[in-house]
There are 2 protein chains.
Amino acid sequence: MHRKSVQDDKGYFANLLRQAGYKATAGRIGLLKLLKNSGKPLSIQELAKKLSEVKIDQATIYRVLTVLEEIGVVRQVNLLHGHADYEFVREDDHHHLICTKCRRVEDVAGCDDGVTRQVLRRSTNFAAITQHSFEFFGICKSCARK
Amino acid sequence: MHRKSVQDDKGYFANLLRQAGYKATAGRIGLLKLLKNSGKPLSIQELAKKLSEVKIDQATIYRVLTVLEEIGVVRQVNLLHGHADYEFVREDDHHHLICTKCRRVEDVAGCDDGVTRQVLRRSTNFAAITQHSFEFFGICKSCARK
DNA sequence: ATCACTGCAAAGTCTTTGCAGTTCC
DNA sequence: GGAACTGCAAAGACTTTGCAGTGAT
């Protein structure tokens with residue numbers, strides 16, 4: 001049932017971590033839940049603020065995110081904001097549309113993965129493409145009115 | 001003639017700056033020439049090192065790059081290296097393929113601009129898209145061998 | 001009980017800012 | 001000459017690291 005999803009996530013995330021050889025700690029699971037439920041990329045500061053339930057140090061947040069990135073559940077995004085943002089890895093490929101004035105972020109439907117295959121085929125020096133990042137920058141309507 | 005292009009650049013860049021309302025200083029022109037001739041995105045450190053002919057402070061480099069970005073001759077690129085890189089804006093749209101091990105950067109042919117138009121059309125909240133950044137991350141053949 | 005993990009504090013990068021002196025127009 | 005620009009030094013933001021104590025298995 002949908003109502004139970006948060007509880008289920010906790011167990012699911014715990015297993016995920018253990019199977020990858022990491023311990024299932026409150027901080028790691030808390031951050032994973034936050035990122036999953038956020039729906040948009042979050043900065044370290046935002047993560048620290050929103051994780052008020054669990055006490056966690058900023059240094060630990062950085063270390064946890066490095067681990068989560070390694071496992072492949074989280075990825076780093078750069079929206080030219082002067083710091084890294086992190087987002088939960090979803091099934092569907094998607095990208096971002098960022099307002100350069102107010103920093104609002106909107107999701108954009110993903111490209112079909114024929115694109116990356118084509119890029120790899122055309123390159124003579126690369127053996128594999130492991131990830132890609134497509135970001136669009138512009139002005140949102142609300143900022144355009146001002 | 002091709003041999004004269006560097007000289008010509010100097011005058012061209014000077015005019016460009018003046019027409020945009022900025023003064024044509026040695027540092028600004030030097031950085032522009034560097035970026036134009038580099039062919040790949042450069043970090044502030046690389047720019048400082050390569051601009052040995054002209055004495056320039058790092059703080060000034062940051063300020064100059066902000067100006068050049070405003071004018072639209074240079075753009076900031078983020079290759080997930082923990083710092084910003086800057087590259088000369090060329091006529092042809094192009095993107096990057098970055099080796100996550102050795103940081104080698106290769107150019108990738110640009111997407112046709114139907115892509116950004118389509119993204120804008122599909123968004124309900126955005127009024128314009130002013131730029132986009134597509135980066136591909138992977139492993140180059142030389143790193144794959146190791 | 002053991003080893004991984006975390007908090008705390010310190011240090012390391014990258015970037016911005018204030019101000020006085022210099023340069024371009 | 002005057003406003004714009006730069007160097008220098010200091011501060012600010014973001015991120016990493018060392019070490020001793022804590023917690024998961």
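Note that the coordinates shown come from a computational prediction; the quantities given were computed from them, not determined experimentally.
At a threshold of 4.5 Å between side-chain heavy atoms, the hydrophobic network of Ile, Leu, Val, Met, Phe, Trp and Tyr places A:Phe88 and A:Ile98 in two separate groups. Hydrophobic clustering of Ile, Leu, Val, Met, Phe, Trp and Tyr side chains at less than 4.5 Å, counting indirect connections, unites A:Phe126 with A:Phe134.
Taking B:Glu87 as the reference, B:Arg75 meet the salt bridge (Lys or Arg N to Asp or Glu O under 4.0 Å) condition, with sequence neighbours excluded.
Using a 4.0 Å heavy-atom cutoff across all strands shown, A:Ala84 reaches sugar-phosphate atoms only and no base atom. Within the nucleic acid shown, A:Ala59 comes within 4.0 Å of at least one base atom, counting heavy atoms only. Residue-level contact check: B:Arg63 touches the bases, meaning some heavy atom is under 4.0 Å from a base atom. Nucleic acid contact class of B:Gly82 (heavy atoms, under 4.0 Å, all strands): sugar-phosphate only.
Atom NZ of B:Lys10 is separated from atom P of C:dC24 by 10 Å (rounded to the nearest Å). For the pair A:Leu80 CG and C:dT15 P, the interatomic distance rounds to 12 Å; values are reported in whole Å. Regarding B:His81, its NE2 atom lies at a distance of 18 Å from the C1' atom of C:dT15, rounded to whole Å. If you measure from atom CD1 of A:Ile61 to atom P of C:dC5, you get 17 Å, rounded to the nearest angstrom. C:dA11 atom P lies 18 Å from atom CD of A:Gln58, rounded to whole Å.
Only A:Gln45, listed by number, bring a heavy atom of residues 42-49 of chain A to less than 4.0 angstrom from any atom of DNA chain D.
Nucleotides of DNA chain D that come within less than 4.0 Å of any heavy atom of chain A span, from the 5' end to the 3' end, D:dC14 to D:dT25.
A salt bridge links A:Arg90 with A:Asp107: the distance from a Lys NZ or Arg NE/NH1/NH2 to an Asp or Glu carboxylate oxygen falls below 4.0 Å.
The two residues B:Cys140 and B:Cys99 make their nearest non-hydrogen contact at N-SG, 3.4 Å.
We find the CD1-CG distance between B:Ile139 and A:Asn125 to be 13.5 Å, quoted to the nearest 0.5 Å. Separating the NZ atom in A:Lys33 from the CZ atom in A:Phe13 is a distance of 9.0 Å, to the nearest 0.5 Å. Within the model, atoms NE2 of A:His81 and OG1 of A:Thr100 stand 8.5 Å from one another, a figure rounded to the nearest 0.5 Å.
Checking B:Asp57 against B:Lys23, the closest nucleotide of DNA chain C that is more toward the 5' end is the one next to B:Asp57.
When the side-chain nitrogen and oxygen atoms of B:Tyr62 are compared with OP1 and OP2 of C:dT15, one or more of them lie within a distance under 4.0 Å.
Between B:Leu80 and B:Asn78 the shortest side-chain heavy-atom distance falls below 4.5 Å.
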